[in-house]
Amino acid sequence: MEHLQNEAARCLQCKNPKCQNNCPISTSIPEVIRLFQEDKIHEAGKLLFDNNPLSAITAIVCPHEDQCKGNCIRGIKGEPISFPEIERYISEKYLEELTIEKAEDNHRNIAVVGSGPAGITAAILLAQKGYRVTIFELRDKIGGVLTYGIPKFRLPRSIVKHLEAKLVQLGVRIKPNTFVGPVITLDKLLNDGYDAIFIGTGVWSPKTLNIKGETLGHSFYAIDYLKNPSVYQLGKRVCVIGAGNVAMDAARSAKYYGASEVTITYRRGFEDMTATKVEIHEAKEEGVQFNLYKSPVEITDEGVIFISTRKVVREDGSVALETVPNSEELFPCDNVIIAVSQTAQRHIVTTSPDLETKYGLLVTDEYGHTTKQGVFACGDVVSGAKTVIDAVVAAKTVAQSIAEYCKNL
């Protein structure tokens with residue numbers, strides 16, 4: 001607590017706060033810090049929660065280096081203020097004591113399909129407005145990527161449980177182990193009396209490398225592995241292919257669960273990685289190794305055959321990546337984890353032909369309306385894999401769209 005108070009005391013209370021301006025959800029950072037300094041923890045927590053119901057989570061998983069911390073004036077000549085630590089402390093404390101008030105029941109029923117960041121946010125906001133909300137969750141626990149995608153050593157599951165308790169407190173009904181699509185179709189939900197449907201099912205189908213050997217017994221997709229890493233027997237030497245946050249999480253999980261040597265292999269360099277600098281740094285700190293400028297050619301029983309790559313400058317000045325002839329080499333390993341992005345599953349789309357898709361993702365307008373009357377969507381199922389905070393921001397807009405739609409029924 002003393003450390004956080006010292007951090008708060010360093011805040012310059014800028015009149016034009018770049019930290020706030022570069023926050024995707026425009027968190028009132030100077031005001032939160034001021035309230036924290038005045039020991040008004042509850043007021044600070046309310047300010048955070050009302051703007052971002054998932055502030056306790058985004059305080060941990062946001063790419064802060066590109067947002068608040070990365071734009072702190074203090075960071076120009078020294079260390080930026082660690083607002084995420086302050087935000088986490090306030091938000092977790094607030095969640096523990098929070099009793100959410102809701103508006104009078106308006107007798108409108110909303111189905112929320114998927115309980116990831118977008119689904120939880122939409123459910124909270126709509127329930128607060130007096131809507132009768134039911135969450136349909138494919139798995140046995142809510143949270144989506146928060147529970148089945150981000151390792152528990154990075155994001156404590158207790159925070160998701162606190163959010164679940166608040167949903168129940170709001171009267172939200174949760175149906176776990178319920179598969180919407182083949183049997184429970186969108187039309188059936190509408191016929192059963194739901195006035196609107198929100199889809200926030202995320203992206204859970206892995207993208208493949210399209211090389212020989214991907215189905216071998218020692219080859220796994222990161223999006224599947226991260227659902228429950230403890231059940232995998234990966235052996236001593238693991239190769240992770242890819243360089244995004246999912247790849248870092250998979251590599252760190254492999255180390256956490258006992259692999260002695262974990263190597264991330266990527267066809268480009270560190271500067272091209274999509275993972276945050278923090279995740280890359282933490283992976284290095286935990287002993288993860290990096291094998292760069294290597295592109296996979298084939299997965300074999302002995303490991304992965306990679307070909308070397310290199311950057312070349314074209315005549316027009318652009319930079320391209322090319323393979324180095326005759327540079328194939330076997331990288332021996334016990335198991336392989338493939339982490340090269342993911343896309344949406346098609347269970348809902350195949351039974352709702354009036355839902356338009358593009359590149360496997362749902363098509364919506366800027367307010368979340370899909371091409372099917374009464375059906376809304378946002379989050380990764382619309383945008384492709386993005387950050388938790390992006391899903392929360394979108395869900396705030398779509399929750400308002402649903403409320404306006406229901407008022408006109």
Side-chain angles (χ1 to χ4, degrees), residues 1-11 19-20 23-65 67-69 72 80-101 115-121 123-125 127-128 141-170 172 174 249 276 278-279 282 387-393 395-396:
M1 180 66 172
E2 183 180 350
H3 161 67
L4 296 181
Q5 288 288 3
N6 290 336
E7 279 294 288
R10 295 174 57 228
C11 179
C19 55
Q20 180 173 330
C23 171
I25 205 163
S26 301
T27 300
S28 300
I29 295 174
E31 188 175 356
V32 169
I33 289 177
R34 180 182 59 77
L35 289 169
F36 179 69
Q37 287 179 293
E38 295 172 0
D39 203 29
K40 296 178 180 178
I41 308 297
H42 185 85
E43 290 91 333
K46 179 173 172 36
L47 186 64
L48 286 167
F49 185 86
D50 288 350
N51 179 58
N52 173 11
L54 269 59
S55 62
I57 286 171
T58 55
I60 299 171
V61 303
C62 262
H64 303 113
E65 66 205 39
Q67 298 169 358
C68 53
K69 285 187 73 173
C72 176
I81 292 167
S82 188
F83 176 71
E85 287 186 67
I86 298 171
E87 181 182 23
R88 179 178 179 179
Y89 175 83
I90 295 170
S91 297
E92 288 189 16
K93 200 169 183 62
Y94 184 73
L95 263 186
E96 290 172 8
E97 62 188 33
L98 171 64
T99 300
I100 309 179
E101 295 183 2
S115 65
I120 291 175
T121 302
I124 289 174
L125 295 177
Q128 283 180 304
K141 296 182 179 67
I142 74 161
V145 69
L146 307 177
T147 301
Y148 296 100
I150 300 174
K152 62 183 179 182
F153 56 79
R154 204 156 75 82
L155 180 65
R157 299 299 183 253
S158 57
I159 302 177
V160 181
K161 286 189 176 296
H162 279 312
L163 285 168
E164 183 174 9
K166 301 313 166 188
L167 287 166
V168 172
Q169 191 182 96
L170 278 166
V172 174
I174 300 172
D249 285 343
T276 64
V278 170
E279 276 249 58
E282 290 178 348
T387 63
V388 171
I389 193 62
D390 286 328
V392 175
V393 171
K396 287 180 68 175

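Throughout, numbering of the chain's residues begins at 1 and tracks the sequence. Atoms considered below: every heavy atom in the structure, side chains included; atoms not considered: hydrogens, waters and symmetry mates.
- Here the closest non-hydrogen pair linking Ile33 and Ala8 is CG2-O, 3.6 Å.
- A search for side chain to side chain donor-acceptor pair (under 3.5 Å) contacts involving Glu2 returns nothing, not counting sequence neighbours.
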For this session: Applying side-chain contact (heavy atoms from CB on, under 4.5 Å), run through Ile57 and Val392 and close with a yes or a no.
Result: CA-CA 11 Å; Ile57 286 171; Val392 175; over 6 Å; no
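- Atom CD of Glu31 sits about 10.5 Å away from atom CD of Glu43, to the nearest 0.5 Å.
- Within 6.0 Å of the CD atom in Glu101, the count of heavy atoms belonging to other residues, nucleotides or ligands does not exceed 12.
- The shortest heavy-atom contact between Leu47 and Ser28 is CD2-CB, 4.1 Å.
- The line from CG of Leu170 to OG1 of Thr99 is 10.0 Å long, rounded to the nearest 0.5 Å.
- When side chains are defined from C-beta on, Leu35 does not count as touching Ile90, because their heavy atoms never get closer than 4.5 Å.
- Among residues at least two apart or in separate chains, side chain to side chain donor-acceptor pair (under 3.5 Å) pairs with a member in residues 146-155 are Asp140-Tyr148, Arg154-Asp249, Arg154-Glu279.
- Atom CG of residue Leu167 and atom OG of residue Ser115 lie 8.5 Å apart, to the nearest 0.5 angstrom.
- Of the inter-residue distances, the one linking Asn6 atom CG with Ser82 atom OG reads 12.5 Å to the nearest 0.5 angstrom.
- Residues meeting the side-chain contact (heavy atoms from CB on, under 4.5 Å) test with Val278, sequence neighbours left out: Glu65, Thr276, Glu282.
- Below 30°, between 30° and 60°, or above 60°: for Phe36 and Tyr89 the angle between ring planes is above 60°, a perpendicular geometry.
- In this structure, Lys166 NZ and Gln128 CD are separated by 12.0 Å, a value rounded to the nearest 0.5 Å.
- When side chains are defined from C-beta on, Leu48 does not count as touching Tyr94, because their heavy atoms never get closer than 4.5 Å.
- Although no hydrogens or angles enter the test, the distance criterion places no donor-acceptor pair under 3.5 Å between the side chain of Glu85 and the main chain of Leu4.
- What you find for Ile389 and Pro24 is that their closest heavy atoms are CG2-CG, 3.9 Å.
- Considering only residues two or more places apart in sequence or on other chains, Lys93 meets the side chain to side chain donor-acceptor pair (under 3.5 Å) condition with none of them.
- Closest approach of Ile25 to Asn51, counting heavy atoms only: O-ND2, 3.1 Å.
- Heavy-atom minimum distance, Pro80 versus Cys72: CB-CB, 3.7 Å.
- Between Cys68 and Pro84, the closest side-chain pair of non-hydrogen atoms falls below 4.5 Å.
- In this structure, CD1 on Ile86 lies 11.5 Å from OG on Ser91, to the nearest 0.5 angstrom.
- Considering only residues two or more places apart in sequence or on other chains, Glu92 meets the side chain to side chain donor-acceptor pair (under 3.5 Å) condition with Arg88.
- Side-chain contact of Asn52 with Thr58: a donor-acceptor pair under 3.5 Å is present, judged by distance alone.
- Sorted by first and then second residue, the side chain to side chain donor-acceptor pair (under 3.5 Å) pairs involving residues 155-164 (not counting sequence neighbours) form an empty list.
- Put simply, the side chain of Leu146 reaches to within 4.5 Å of the side chain of Pro117, judged on heavy atoms.
- Distance alone, capped at 3.5 Å, places no donor-acceptor pair between the His42 side chain and the Leu98 backbone.
- Shortest non-hydrogen contact noted between Cys11 and Ile81 is CA-CD1, 3.1 Å.
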